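Have a look at the structure below, then the notes.
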Protein chains: 2
Amino acid sequence: MATIDDVARRAGVSTATVSRALRGLPNVAEATREHVRRVAAELNFAASRSASSLASGRTNTVAIVVPHVTRWFFGKVISGAEEVLRTAGYDVLLYSICDARARERFFAKLPLRGRADAVLVLALPVTAEEVGLLEGLGVPVGLVGHRARGLISVGIDDEAGARLAAQHLVNLGHKRIGLITGDDDPLRFTTPRTRRTAFREVLRANGLPSGPELEAEGGFTFAGGERAMTELLSRPSPPTAVFAISDEMAVGAMKSLRRHALEPGRAVSVVGFDDHEMAEVLDLTTVAQPVAEQGSTAASLLLRQVSGHRPDRPERIVLPVRLIVRGTTAPPSS
Amino acid sequence: MATIDDVARRAGVSTATVSRALRGLPNVAEATREHVRRVAAELNFAASRSASSLASGRTNTVAIVVPHVTRWFFGKVISGAEEVLRTAGYDVLLYSICDARARERFFAKLPLRGRADAVLVLALPVTAEEVGLLEGLGVPVGLVGHRARGLISVGIDDEAGARLAAQHLVNLGHKRIGLITGDDDPLRFTTPRTRRTAFREVLRANGLPSGPELEAEGGFTFAGGERAMTELLSRPSPPTAVFAISDEMAVGAMKSLRRHALEPGRAVSVVGFDDHEMAEVLDLTTVAQPVAEQGSTAASLLLRQVSGHRPDRPERIVLPVRLIVRGTTAPPSS
DNA sequence: CTGTTAGCGCTTTCAT
DNA sequence: ATGAAAGCGCTAACAG
């Protein structure tokens, strides 16, 4: 592998000039630059990342910390962020944290220390202590899906989303409205709690029952949603409508309803959250949120800070949600 | 951030000893090692990755090249690989290549040059030229989902899987069997072709019709599967059974069938591929493949090569598939 | 506009 | 078992 010295020698200039020419810095004669470029190409030269990192202190890398690469939502967010980062010339380091042990190890060792110019953390509700550790990294930190004082954050208004769903079902005249949540305990996501609280408030404000007997846990998965709905149906007085806080769970719930000969949108109404690809095809009423965009927005903010932008106050961007009414919601059948 | 010199000074030893002690190399007195460890911890020291890479020539990083982080299959493979790599102390660099342009750029610049000790490429059917470029990286390269001469590869027997599905439907007595494939042209995956060919062979061998008029393209997505099934149903003489080469498409197909009042498993049989989480809940007959395991297996092989193992012949591992018969397949109804 | 010269923070012989 | 010292390949002042 050719080094910068090989290029310099062959081009008849100094290494400094090669470095400048190749990185597009000013103060290089256009002719020289062209010449250096040609020689570098001939030699198939590419600057060693570790050498330039060591010398410059920059890594040209951004770390993304994510629970469950496997989940649709996170995959989308990652790919949104990845594209922005890649385009800006940054590499993406992936840290997947799928259980409490991994999380502990991650924060204990912070393997990304010194490896990234910025960090993007998805959905993990970073504790005060963890925030401290991340800040100690000395690079900009961005959060998607929840906030923490002092850090960039991008997300949606979960309360508003949940309220939209709840109010829609209330307006249709439902009196017993269930909730399929996803508590995912080991990683302690905040989203489920936030949505649940807002959801309950709407019910209470409308004089409707709410609470554990109308709620079930679906772990954010299709199978979990199916189980949760089945459980709700087995309760003494089952709901006539449910709000599932993810589309995947909502679709699982629809499956359960059909299995019980309860047509979604007729016997029981269902509202999901996300506007997953399946929602449209299945005619599922849902609270739509921009997903990839949360990743790309966060990545852009992060890069701005990397290149010196120092906002006066922590940047927090809230992307809009909206209710998409489709066929799975209707007035109660009786 | 403390450097190795700080630790050495404070511990009263040389930097060489610190380096050895902290990396667990031999020839360090146990007492010294313990002492150095303690001091390092006090100072919150972590060796700079770029400095050690530069000095040692190793990066402790593995790159994963993947199309569509967003797709269930790839997410699973990544997380399988990630776990093995993380456990072995390697970081994961993610390169997502979701269209032909990105692919071209990637191979033109090979941004991972010098950044990784090994490369894992998922599903991209690497052309001879691309294989050359990857080999030129000078690090072990592993492939998941297809093979190339000289490179490690891990996958399943796609022919066998497709045959299993086809034969099952033939045995049930179906005479017109459709195929929902996913050609995904821009990236030219080989999997769809392989499965289609094997599938057609079985039909032909059994004297049954096959070919384009019984096939439709579903792009590996739920919505695509739904469209593909709808298209098949609109043809002059629609199939009484279909094989979708992914579960997500199979589930989409089931949706289409229901919309046409054709109960899957009664009016029309459906077989999927993957054994996605949804398959069990939806009672979908499918060809099961180990997914995360393909990632972890490939990662392990790669790491073995990184640490010097030189197999005599290219390593190719084929993981087993099996047919799981569930409720969506039955003899033709008429 | 270009060259010289120090490092960046580690690893790795080679001595001792 | 430990230390001294020479780089690894690049960037960033500083001169000119």
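Given the structure is predicted, the values throughout are model-derived calculations rather than measurements. Here is how names work: the chains are called A, B, and so on, in the same order as the sequence lines, proteins then strands, and each is numbered from 1.
OP1 or OP2 of C:dT2 has at least one side-chain nitrogen or oxygen of A:T32 nearer than 4.0 Å. Contact check, A:S19 against D:dC10: no side-chain N or O comes under 4.0 Å of OP1 or OP2. Residue A:T17 has a polar side-chain atom (N or O) positioned under 4.0 Å from OP1 or OP2 of C:dG3. For D:dT11, the OP1/OP2 oxygens have no side-chain nitrogen or oxygen of A:S56 closer than 4.0 Å. Applying the 4.0 Å criterion to OP1 and OP2 of D:dG3, one finds that B:S14 has a side-chain N or O inside that range. Contact between the side-chain N/O atoms of A:R23 and the OP1/OP2 oxygens of D:dA12 is found at a separation under 4.0 Å.
Comparing A:R20 and A:I4 by the nucleotide of DNA chain D that holds the closest heavy atom to each, the one mapping nearer the 5' end is A:I4.
Rounded to the nearest 0.5 Å, atoms OG (B:S53) and CG (B:D117) are 7.5 Å apart.
For the pair B:H35 NE2 and D:dA1 P, the computed distance is 18 Å after rounding to whole Å. In this structure, A:R115 atom CZ and C:dC10 atom C1' are separated by 14 Å, rounded to whole Å. Remark: P of C:dC10 and CG of B:L25 are 15 Å apart, rounded to the nearest angstrom. Atom pair B:M1:CE and C:dG9:C1' shows a separation of 13 Å (rounding to whole Å applied). Rounded to whole angstrom, the span from the CZ atom of B:R49 across to the P atom of D:dG9 amounts to 19 Å. Between A:R113 atom CZ and C:dG9 atom P the separation is 14 Å, expressed in whole Å. Between the P atom of D:dG3 and the CZ atom of B:R9 lies a distance of 14 Å, rounded to the nearest Å. In this structure, CG of A:D6 is placed 8 Å from P of D:dC10, rounded to the nearest angstrom.
Set against C:dC10, D:dC10, C:dT2, the side chain of A:A51 has D:dC10 as its closest nucleotide. In this structure, the nucleotide among C:dC10, D:dA5, D:dG9 sitting nearest to the side chain of B:F45 is C:dC10. Taking only side-chain atoms of A:N27, from C-beta outward, the nucleotide of C:dC10, C:dC1, D:dA1 with the closest atom is C:dC1. Checking C:dC10, C:dC8, D:dC10 against every side-chain atom of A:L54, the shortest atom distance belongs to C:dC8. Out of D:dG9, C:dG3, D:dA5, the shortest distance to the side chain of A:A16 is found at C:dG3. Closest to the A:V13 side chain, of the nucleotides C:dG3, D:dG3, C:dT2, is C:dG3. When distances run from any side-chain atom of B:A29 to the nucleotides C:dG9, D:dA1, D:dC10, the shortest one goes to D:dA1.
B:R113 and A:N44 are linked by a side-chain donor-acceptor pair at a separation below 3.5 angstrom, with hydrogens and angles left out of the test. Under 3.5 Å, the side chains of A:T194 and A:T191 contain no donor-acceptor pair of N or O atoms. Side-chain contact, B:S19 with B:R23: a donor N or O sits under 3.5 Å from an acceptor N or O. Under the 3.5 Å distance criterion, with hydrogens and angles disregarded, no donor-acceptor pair is assigned to the side chains of B:R49 and B:T61.
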- Go through B:V13 and B:T32 one step at a time and tell me if the side chain to side chain contact (heavy atoms under 4.5 Å, CB included) criterion holds. CA-CA 9 Å; B:V13 296; B:T32 314; 4.2 Å; yes

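No contact: A:R33 has no heavy atom under 4.0 Å from any strand.
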